[in-house]
Amino acid sequence: MTAQVATGRRSVAELKALVAQAQADSADWTADDVAAWTAAHFAGRVAVACSMAGDSVVPHLIARHLPGVDVLFLQTGYHFAETIETRDSLARNAPVTIVDVLPKQTVASQDAQYGAKLHDREPTLCCQLRKVDPINETLAGYEAWVTGVRREDNALRANTALVEWDEGHQMVKINPIAAWSFDELLDYATTHSVPTNPLLTQGYPSIGCAPCTRPVAPGEDPRAGRWAGLAKTECGLHVQADEPPITLETTFVSALQNLNLTPSVEPVEAPPLAERVSTRSTNEVNSTRRLSQLKELESEAIHIIREAVTELERPVLLFSGGKDSVVMLHLAAKAFWPAPVPFPVLHVDTGHNFPEVLAYRDAEVERLGVRLIVAKVQDYIDDGRLLERPDGTRNPLQTQPLLDAIAEGRFDAVFGGGRRDEEKARAKERVVSLRDEFGQWDPRNQRPELWNLYNPRHRAGEHVRVFPLSNWTELDVWRYIEAEGIELPALYYAHEREVFSRDGMWLAVGEVSQPRPSEQVVTRTVRYRTVGDMSCTGAVESDAANVADVLAEVAATRITERGATRADDRLTEAAMEDRKKEGYF
C-alpha cells in the first residue's frame with residue numbers, strides 16, 4: 001500500500017524539544033502511554049517499523065490510538081515463509097496500513113552484480129543494500145518512527161529510552177515496549193489476539209532473513225542466532241550516527257559491563273529465554289503462533305527448495321501442469337517472492353498430453369515469468385532415437401528425453417512432485433535422491449536424512465532429484481490448494497467426457513486414445529485424480545465440481561490416485577521401480 005504522510009515537517013529544534021519533554025515526563029509511562037503520546041504529537045507523521053516477529057504487537061498497540069498507521073515492512077526477498085504469513089495476517093486482523101519497503105535491486109539482480117550469497121561473504125553490505133538504504137529513504141518522509149526494540153534483546157540495547165532523538169535519521173525514535181520482557185510481549189499478543197511469528201516459540205526469539213538466522217540454544221542471548229559466527233550483531237537500522245561500529249569486540253565489552261565485571265549498572269538476573277518459553281502453558285500461547293499441520297508441510301517444502309537452491313548451482317523444476325507440480329511451483333514462488341523463481345521449469349512432452357494441461361502449463365509459466373524448457377518425445381521418434389511401443393503408450397519413453405535435457409542443461413538438481421504415499425517405489429525415496437552418471441536410481445545407494453539434514457553432494461556427471469512434497473498426501477495437496485486458492489486445469493473437476501472402459505479404468509476418447517472394437521464409447525461425468533498421458537491415465541466417475549467436493553471424495557477413498565488411474569503402473573508388479581532405476585521419476 002502507499003504510505004500516507006502529513007506535509008510540513010517541523011524543525012529539528014521543535015522535534016528535539018518534544019523528545020526532551022517526553023523524557024522528562026515518561027518515568028512512569030506504560031507502553032500504552034507512549035502510544036497515546038505518539039498519536040497526540042505525530043498523527044500522519046509517524047511510521048511503525050516491524051520485522052513481523054514478536055514486534056507485531058507494536059503496530060497493534062499504536063493502531064489503538066492511530067488507526068491506519070503506516071507499518072513499514074522491509075521486504076528483503078530472504079524472509080522465512082512464516083514471516084510473510086505474519087505480515088499478511090496482521091494486515092487482515094489489525095487496522096494498519098502495511099507498506100512494503102523494497103530494495104532497489106531484486107535478489108537476482110543483486111546476485112548478478114555482487115555474486116550469489118552476498119549475505120555469506122559480506123553481510124554488512126547485504127544489510128546495507130536490502131535493509132538500511134531502503135528504510136532510510138522511506139523514513140525521510142516522516143518525523144518519527146516507532147520500533148519494537150527491547151532492552152533485554154542484547155547488551156547494546158540495555159539503555160534504550162522510550163522516546164529518544166535518532167541522530168542518524170534526524171528524527172524522533174519511539175520504543176514503546178523497550179521495558180517489556182519476552183513474557184510481557186507474548187501476554188499482550190495473547191490478550192489482544194495479535195498474530196506473531198510462529199518461529200518465536202520454535203527456538204527463534206529474534207528473526208531476520210532466513211540465510212542469516214538460526215535457532216538459539218537454551219541459555220544463549222536472544223539475538224545469538226542472528227549472523228551467528230560472523231563479526232556482526234546488528235543490521236545497522238538501530239545504530240546512531242555517533243556510535244562506534246558494532247563488532248563482536250564491542251558486544252563483548254558491553255556484555256562485561258552488564259555482568260558488572262567493569263563499573264556499570266548491576267545486572268538483573270533472569271532465567272534463559274528458552275526456559276521462559278518452555279515453561280509457558282500451551283493454553284497461554286495464541287493459536288496463531290502454532291503452525292498447523294498444513295503450514296508445517298509448507299514450511300518444510302519451502303525449506304527444502306531453498307536448501308537445494310543454496311547448495312546447488314543449476315536446479316530445474318519438472319513441471320507438467322499436474323496438481324503436484326502446480327503446488328510445487330506455487331511453493332517455489334512463495335519461497336523467493338518478491339524475486340522471481342530462480343530456476344527454469346522443464347516439461348517432458350510425450351505428445352500424448354491432455355490439451356487442457358498444455359494450455360494451463362503455458363499460461364502458468366507466462367504468469368510467473370518462468371523460463372520453460374520442453375523436451376519432446378516426438379523429436380526422438382522422428383529421428384529414430386526412440387521407437388513407438390506396440391501398446392501405443394509413450395509414458396515409458398520419457399526417460400531418455402528427460403536425461404538428455406538434464407545433461408544438456410547441466411542441471412545438478414531436479415525438483416519433482418513425487419510423494420511417498422503415491423506408490424510403493426516412491427515410498428523408498430529420500431527427499432534428496434542421488435542419481436548416478438547414467439541418471440539411474442539405486443535404492444541401496446541413498447544417504448540417511450536424520451533431523452531433516454539433506455546431503456546433495458555428488459560427483460561430476462551425477463545429479464540429485466529433490467522431492468519437496470515427499471511427506472504430503474493427496475489429501476494434503478488438495479487442502480493446500482483450497483487454502484491457497486490455487487487454480488488447476490479444469491479436468492481435475494467433474495465434467496462430461498466421452499470415455500471407454502479398459503482394465504477397470506475410464507480412458508478418454510482422443511486422437512491418441514482410441515477404443516478397441518470391443519470397447520464401447522459412453523458419456524460419463526468424470527474427473528482426473530492424477531494427470532499423465534491420455535493414453536495411460538484413467539478418469540474416475542465423480543460429481544466433485546469444486547475443491548470442497550474433491551476434499552470430501554479424497555478423504556473417503558482408500559486407493560491412491562496412481563493405483564486407481566495409471567495404466568503405466570500396471571505393466572508389471574515393479575513397473576514404477578523399474579522405470580525409476582532407468583532414470584524416470
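Computed over heavy atoms, backbone and side chain alike; hydrogens, waters and symmetry mates excluded.
- Two residues are said to be in side-chain contact when any heavy atoms from C-beta on lie closer than 4.5 Å; Tyr492 and Trp478 meet this criterion.
- Counting only heavy atoms from C-beta outward, the side chains of Leu72 and Val48 never approach each other to under 4.5 Å.
- Inter-residue side-chain proximity for Leu469 and Asp324 is flagged as met; some heavy-atom pair is nearer than 4.5 Å.
- Here CG of Leu185 is found 8.0 Å from CG of Asp55. Values are rounded to the nearest 0.5 Å.
- Using modelled atom types, no side-chain atom of Ser299 and backbone atom of Glu296 make a donor-acceptor pair closer than 3.5 Å.
- Atom NZ of Lys295 is separated from atom CD of Glu85 by 4.0 Å, given to the nearest 0.5 angstrom.
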Could you list the donor-acceptor pairs under 3.5 angstrom formed by side chains in residues 308-316, with sequence neighbours left out?
from   : atom 1 : to     : atom 2 : distance (Å)
Thr310 : OG1    : Arg306 : O      : 2.8
Arg314 : NE     : Gly409 : O      : 2.8
Arg314 : NH2    : Gly409 : O      : 3.1

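- In this structure, the separation between CG on Leu102 and CZ on Arg130 is 9.0 Å, given to the nearest 0.5 Å.
- Rounded to the nearest 0.5 angstrom, Glu82 CD and Thr196 OG1 are separated by 12.0 Å.
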Asn353 vs His347, side-chain contact (heavy atoms from CB on, under 4.5 Å): CA-CA, chis, key distance, verdict: CA-CA 11 Å; Asn353 296 283; His347 182 210; 3.7 Å; yes

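- By the 4.0 Å N-to-carboxylate-O rule, Glu474 lies close enough to Arg529 to be salt-bridged with it.
- Nearest heavy-atom pair, Val357 versus Ser320, reported as atom, atom and distance to 0.1 Å: CG1-O, 3.0 Å.
- Judged as a side-chain contact (heavy atoms from CB on, under 4.5 Å), and not counting sequence neighbours, the contacts of Thr83 are Met52, Phe73, His79, Phe80, Asn197, Ile207.
- With a 4.5 Å cut-off on side-chain heavy atoms, Val466 and Tyr454 do not count as touching.
- Separation of the Phe411 and His463 ring centroids does not fall under the 6.0 Å cut-off.
- Although no hydrogens or angles enter the test, the distance criterion places a donor-acceptor pair under 3.5 Å between the side chain of Asp476 and the main chain of Thr473.
- Counted by atom type alone, His169 and Asn136 present one or more donor-acceptor pairs between their side chains at under 3.5 Å.
- Between Leu129 and Pro103, every side-chain heavy-atom pair lies at or beyond the 4.5 Å cut-off.
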Could you walk me through whether Glu482 and Arg479 pass salt bridge (Lys or Arg N to Asp or Glu O under 4.0 Å), step by step? CA-CA 5 Å; Glu482 179 185 48; Arg479 288 175 59 223; over 6 Å; no

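- Judged by distance alone, the side chains of Tyr493 and Asp549 never bring a donor and an acceptor atom under 3.5 Å apart.
- Side-chain atoms of Asp442 and Asp436, non-hydrogen and from C-beta on, never get closer than 4.5 Å to each other.
- For the residue pair Thr106/Ser109, the side-chain donor-acceptor check at 3.5 Å is satisfied.
- Counting heavy atoms from C-beta outward, Cys127 and Thr124 have side chains that stay 4.5 Å or more apart.
- In this structure, the separation between CD on Gln105 and CD on Gln113 is 4.5 Å, given to the nearest 0.5 Å.
- A pairwise comparison of heavy atoms in Arg121 and Ala116 identifies NH2-O, 3.0 Å as the closest pair.
- Ser470 places no side-chain N or O within donor-acceptor distance of the main-chain N or O of Arg420, the cut-off being under 3.5 Å.
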Please evaluate residues Ser535 and His352 with respect to the criterion side chain to side chain donor-acceptor pair (under 3.5 Å), reporting the C-alpha separation (whole Å), side-chain torsions for both, the decisive distance (0.1 Å), and the verdict. CA-CA 7 Å; Ser535 54; His352 286 190; 3.0 Å; yes

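- For the 3.5 Å distance criterion, the side chains of His495 and Arg527 fail to qualify, holding no donor opposite an acceptor.
- Looking at Lys131 and Val101, their side chains never come closer than 4.5 Å, going by heavy atoms from C-beta outward.
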Quick one, Glu356 with Val531, criterion side-chain contact (heavy atoms from CB on, under 4.5 Å). Give me CA distance, side-chain angles, the key distance, then yes/no. CA-CA 11 Å; Glu356 300 97 317; Val531 173; over 6 Å; no

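- In this structure, Lys104 does not pair ionically with Asp133, as no charged nitrogen and carboxylate oxygen lie closer than 4.0 Å.
- Distance check, rounded to the nearest 0.5 Å: CZ of Arg367 to CG of Asp362 gives 14.0 Å.
- The environment of CD in Glu511 is sparse: at most 12 heavy-atom neighbours from other residues, nucleotides or ligands sit within 6.0 Å.
- Side-chain N/O atoms of Thr350 and Asp533 include a donor and acceptor closer than 3.5 Å.
- Phe354 and Tyr528 have their aromatic ring centers within a separation under 6.0 angstrom.
- Heavy atoms only, all atoms of each residue included: Ser56 and Cys50 are closest at CA-SG, 3.7 Å.
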Can I get a per-line list of side-chain donor-acceptor pairs under 3.5 Å for residues 327-346, giving both atom names and the distance, sequence neighbours left out?
from   : atom 1 : to     : atom 2 : distance (Å)
His330 : NE2    : Glu484 : OE1    : 2.9
Lys334 : NZ     : Glu298 : OE2    : 2.7
Lys334 : NZ     : Glu484 : OE1    : 3.2

Check the pair Arg465 / Glu429 against salt bridge (Lys or Arg N to Asp or Glu O under 4.0 Å), numbers first and verdict last. CA-CA 10 Å; Arg465 307 282 172 90; Glu429 280 283 14; over 6 Å; no

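- Closest approach of Ser325 to Gly321, counting heavy atoms only: OG-N, 3.3 Å.
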For Cys126 and Tyr114, run side-chain contact (heavy atoms from CB on, under 4.5 Å): C-alpha distance rounded to whole Å, both residues' side-chain angles, the deciding distance at 0.1 Å, then the answer. CA-CA 10 Å; Cys126 189; Tyr114 296 96; over 6 Å; no

Kindly determine whether Val464 and Val414 satisfy side-chain contact (heavy atoms from CB on, under 4.5 Å), including the steps that lead there. CA-CA 6 Å; Val464 294; Val414 184; over 6 Å; no

Test salt bridge (Lys or Arg N to Asp or Glu O under 4.0 Å) applied to Asp100 and Arg87, step by step: CA-CA 10 Å; Asp100 281 340; Arg87 177 202 62 184; 3.3 Å; yes

